[in-house]
Amino acid sequence: MNMNVKEVFAQAIYKQTEISLEQIYRLIEVPKHPSLGDLAFPCFLLAKTWKKSPASIAEQIAQSITEDCFSKVEANGPYVNGFIHRESFTISVLNQILYERENYGTLSDGAGKTIVIDFSSPNIAKPFSMGHLRSTVIGNALSNIAQKCGYNAVKINHLGDWGTQFGKLMAAFKHWGDEDKVRKQPIAELFTLYTKFHEEAEIHPQLIDEGRQWFKKLEDGDSEAVYLWKWFREESLKEFSKIYQLLNISFDSFAGEAFYNDKMGETIEKLQGQNLLEVSDGAEVVDLTDVSLPPCLIKKSDGATLYATRDLTAALYRQEHYQFSKALYVVGHEQSVHFQQVFAVLEKMGYPWAKSMIHVPFGLYLQNGKKMSTRKGRVILLENVLQETIRLAEQNIEQKNPTLENKKEVAKQVGVGAVIFHDLKNYRMNNIEFSLEQMLTFEGETGPYVQYTFARACSILQKGNWNINSNFSLKKLATNDVVNDDSWELIKLLFSFSNQVQQAFIQLDPSIIAKYTVDVAKCFNKYYSKVKILTNNNGLQERLALVYAVTVVLKNGLQLIGVDAPKSM
RNA sequence: GUCCCAGUAGCUCAGCUGGAUAGAGCAACAGCCUUCUAAGCUGUGGGUCGGGGGUUCGAAUCCCUCCUGGGACGCCA
């Protein structure tokens with residue numbers, strides 16, 4: 001059967017009316033209550049031209065729709081309600097999932113196109129905080145989603161390994177640093193120095209100048225400065241890679257800010273060549289008043305470069321190397337102006353691809369309603385949070401499933417999954433008030449809930465001797481257990497997976513997928529509580545096929561948002 | 001002061017390209033394990049969708065305005 005029943009519905013209505021197919025398509029909705037059918041078309045719009053009541057129009061249209069993928073089409077007040085033929089649709093959906101498995105939901109929208117995604121990008125010598133978690137998990141999820149949409153996704157970790165902060169750190173190290181301490185606990189010690197610097201600088205403002213001088217030395221290739229920089233960077237990377245391993249996130253490139261050092265001259269020359277640079281208070285800037293933005297600082301009055309200079313250079317480099325059709329920057333909302341400036345400068349330089357640069361902003365983690373600040377040492381370390389959630393997962397396993405084989409691995413998957421899911425489940429622009437208590441919740445709309453549902457389903461498949469590798473396909477359904485109201489909602493949900501993927505990509509919002517997995521889990525748990533899957537031999541294979549389809553979709557969905565799906569827990 | 005984001009149940013949020021009685025989860029209370037993993041399921045209570053205007057047959061959803069909270073506004077990133 002034609003699985004695009006919405007298309008069939010729209011076509012049927014199109015034959016009856018003068019309005020365009022696209023408009024009909026837009027008007028078609030899903031009724032609020034399942035009892036009202038699966039698809040609905042409101043007739044208000046036609047009332048004017050037809051000079052009839054919406055209700056009588058609905059009546060007329062309903063009668064004319066006789067396509068056999070609908071078991072019933074009826075008018076309900078001003079709406080035409082379509083009821084999809086459940087059995088044939090169910091068989092089609094299940095067979096497709098059984099056949100496509102891990103490829104189910106894959107799209108080809110992005111075939112042949114490259115998308116570069118700039119995310120995570122922690123600052124060297126600073127601890128990996130909860131703040132970085134957001135960029136990291138959102139960026140990773142978007143990469144997965146883009147890939148599912150057929151794009152070639154290039155994951156770039158634009159490390160914060162250059163900038164005045166290093167000057168500050170060097171100044172601090174020269175004043176109060178202890179080499180042995182740094183070797184023992186690199187990030188913790190460097191961070192202490194960094195925090196001390198800012199405290200001292202409030203009393204002795206000349207420290208700020210000192211920091212700037214050290215950074216200038218670094219840019220000029222001073223050997224001591226370069227030595228310190230290399231050392232700080234190396235130690236930091238070691239610790240970051242532990243976190244990325246735990247989160248199971250990898251990158252295609254670690255070309256950070258320092259990577260563009262020797263390439264910035266060219267950028268500045270280009271800007272000069274196009275007469276875009278002007279001097280303002282000793283600094284060189286690109287004026288952006290014509291697009292209502294503050295000027296973009298390219299060069300400081302001491303000649304050193306800035307954030308924007310590096311981002312411009314990186315953009316040029318990436319376009320040249322990857323020929324991206326889209327470039328995403330998964331960076332906090334507070335940097336919106338910066339990206340508007342960078343994109344505006346690229347536009348002024350005449351690059352047509354400037355329009356395919358997209359800043360993907362997100363809300364911040366707040367602490368007591370305020371932004372966390374690394375400068376003031378007010379941070380929560382991701383590592384500590386993960387330790388807590390993993391420990392709780394361990395406790396849960398000990399209590400609920402003490403005979404589980406690979407306890408440690410599962411605890412890790414659940415603990416980490418809880419943190420990732422908690423971060424991704426809400427609309428990304430929302431601020432998140434940090435609450436360890438909430439991260440440690442494993443019930444309700446949480447990662448562990450979805451994982452648990454998956455594990456439960458897997459357990460049934462195992463007990464039912466479901467053979468994943470068989471080429472089983474459904475022809476017809478023998479019992480009503482796979483076409484009752486609960487399973488029907490489940491089938492429709494499973495069917496909508498690729499739509500959800502597409503939406504998540506269009507809106508660049510992984511929360512769409514996270515919410516979707518919860519919906520599937522909820523729906524399955526409801527079915528599970530009502531229908532005994534294994535106890536009756538009649539229709540067993542059909543019910544197992546449905547359960548298997550659920551595991552496929554849950555696994556694919558979780559994979560997109562970067563959450564593991566343990567088979568038992 | 002200017003600009004950006006948000007404001008929906010006690011709490012955390014969904015719904016927002018306009019449509020049928022505004023939905024979940026948590027917390028509270030009440031049920032459900034001799035039967036497929038109770039990290040589950042079922043039920044009860046709980047809402048002037050921040051306020052006020054406007055557009056429309058119809059507004060939580062679009063427009064205007066005000067209020068509240070968060071963030072950003074030149075040599076940090």
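Order of the sequence lines fixes the chain letters, A, B, ..., with proteins taken first and strands second; residue numbering starts at 1 for each chain.
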Pairwise [atom1] distance for [N] and [M], with rounding to whole Å:
{"N": "B:rC11", "M": "B:rU17", "atom1": "C1'", "answer": "31 Å"}
{"N": "B:rG7", "M": "B:rG50", "atom1": "P", "answer": "8 Å"}
{"N": "B:rC26", "M": "B:rC66", "atom1": "C1'", "answer": "34 Å"}
{"N": "B:rA27", "M": "B:rG23", "atom1": "P", "answer": "22 Å"}
{"N": "B:rG47", "M": "B:rG10", "atom1": "P", "answer": "7 Å"}
{"N": "B:rA9", "M": "B:rC29", "atom1": "P", "answer": "22 Å"}
{"N": "B:rG46", "M": "B:rG54", "atom1": "P", "answer": "32 Å"}
{"N": "B:rA60", "M": "B:rA20", "atom1": "P", "answer": "10 Å"}

[X] side chain, from C-beta outward: closest of [options]:
{"X": "A:A40", "options": "B:rA20, B:rG70, B:rA24", "value": "B:rA20"}
{"X": "A:L297", "options": "B:rU21, B:rG74, B:rA39", "value": "B:rG74"}
{"X": "A:E334", "options": "B:rA72, B:rA20, B:rG25", "value": "B:rA72"}
{"X": "A:V337", "options": "B:rC57, B:rA72, B:rG40", "value": "B:rA72"}
{"X": "A:K400", "options": "B:rA39, B:rA24, B:rG70", "value": "B:rA39"}
{"X": "A:I397", "options": "B:rC57, B:rA14, B:rA39", "value": "B:rA39"}
{"X": "A:K371", "options": "B:rU42, B:rG25, B:rG71", "value": "B:rG71"}
{"X": "A:N426", "options": "B:rA14, B:rC36, B:rA24", "value": "B:rA14"}
{"X": "A:N123", "options": "B:rA38, B:rA77, B:rA20", "value": "B:rA77"}
{"X": "A:K48", "options": "B:rA77, B:rC57, B:rG71", "value": "B:rC57"}

Over all strands shown, is [X] touching base, sugar-phosphate only, or nothing at heavy-atom distances under 4.0 angstrom?
{"X": "A:H338", "answer": "nothing"}
{"X": "A:Q451", "answer": "nothing"}
{"X": "A:V518", "answer": "nothing"}
{"X": "A:G369", "answer": "sugar-phosphate"}
{"X": "A:Q438", "answer": "sugar-phosphate"}
{"X": "A:P31", "answer": "base"}
{"X": "A:S568", "answer": "base"}
{"X": "A:V279", "answer": "nothing"}
{"X": "A:D519", "answer": "nothing"}
{"X": "A:L306", "answer": "sugar-phosphate"}
{"X": "A:K463", "answer": "sugar-phosphate"}
{"X": "A:S121", "answer": "nothing"}
{"X": "A:V285", "answer": "base"}
{"X": "A:N536", "answer": "nothing"}

Identify the nucleotide, in any strand shown, that forms a Watson-Crick or G-U wobble pair with [N], with both distances under 3.5 Å; if there is none, say none.
{"N": "B:rU21", "result": "none"}
{"N": "B:rU2", "result": "B:rA72"}
{"N": "B:rU34", "result": "none"}
{"N": "B:rC26", "result": "B:rG10"}

If you compare every side-chain N and O of [X] against the phosphate oxygens of [N] (OP1, OP2), does one of them come in below 4.0 Å?
{"X": "A:Y449", "N": "B:rC41", "answer": "yes"}
{"X": "A:S336", "N": "B:rC5", "answer": "no"}
{"X": "A:Y427", "N": "B:rC5", "answer": "no"}
{"X": "A:K526", "N": "B:rC41", "answer": "no"}
{"X": "A:R212", "N": "B:rC76", "answer": "yes"}
{"X": "A:N525", "N": "B:rA39", "answer": "no"}
{"X": "A:R543", "N": "B:rC36", "answer": "no"}
{"X": "A:S459", "N": "B:rC36", "answer": "no"}
{"X": "A:R310", "N": "B:rA77", "answer": "yes"}

Can you tell me how far [atom2] of [N] sits from [atom1] of [X], to the nearest Å?
{"X": "A:K370", "N": "B:rC5", "atom1": "NZ", "atom2": "P", "result": "20 Å"}
{"X": "A:H198", "N": "B:rA77", "atom1": "NE2", "atom2": "P", "result": "11 Å"}
{"X": "A:L288", "N": "B:rC73", "atom1": "CG", "atom2": "C1'", "result": "14 Å"}
{"X": "A:Y365", "N": "B:rG69", "atom1": "OH", "atom2": "P", "result": "24 Å"}
{"X": "A:F44", "N": "B:rA20", "atom1": "CZ", "atom2": "P", "result": "9 Å"}

Mapping A:R26 and A:D281 onto RNA chain B by nearest heavy atom, which one lands closer to the 5' end? A:R26
Of A:S511 and A:P78, the one whose closest RNA chain B nucleotide lies more 5': A:S511
A:K263 NZ: over 12 foreign heavy atoms closer than 6.0 Å: yes
Does atom CD of A:Q272 have more than 12 heavy-atom neighbours, drawn from other residues, nucleotides or ligands, at distances under 6.0 Å? yes
Could you tell me if the ring centre of A:H338 sits under 6.0 Å from that of A:Y307? yes
Distance-only donor-acceptor test, A:H333 side-chain atoms vs B:rC5 base atoms, 3.5 Å: no
Regarding [X] and [Y], is there a side-chain donor-to-acceptor distance under 3.5 Å anywhere?
{"X": "A:W229", "Y": "A:D161", "result": "no"}
{"X": "A:T305", "Y": "A:R310", "result": "yes"}
{"X": "A:N525", "Y": "A:R456", "result": "yes"}

Should the pair A:K52 and A:W50 be classed as cation-pi, given the thresholds of under 6.0 Å to the six-membered ring centre and 45° from the axis? no
Is A:K6 positioned over the aromatic face of A:Y25, cation under 6.0 angstrom from the ring centre and no more than 45 degrees off axis? yes
Can you tell me how far CZ of A:R428 sits from CD1 of A:I512, rounded to the nearest 0.5 angstrom? 9.0 Å
Charged N to carboxylate O below 4.0 Å: is that the case for A:K407 and A:E398? yes
Kindly label the base of B:rC29 as syn or anti, based on whether its glycosidic torsion lies within 90° of 0. anti
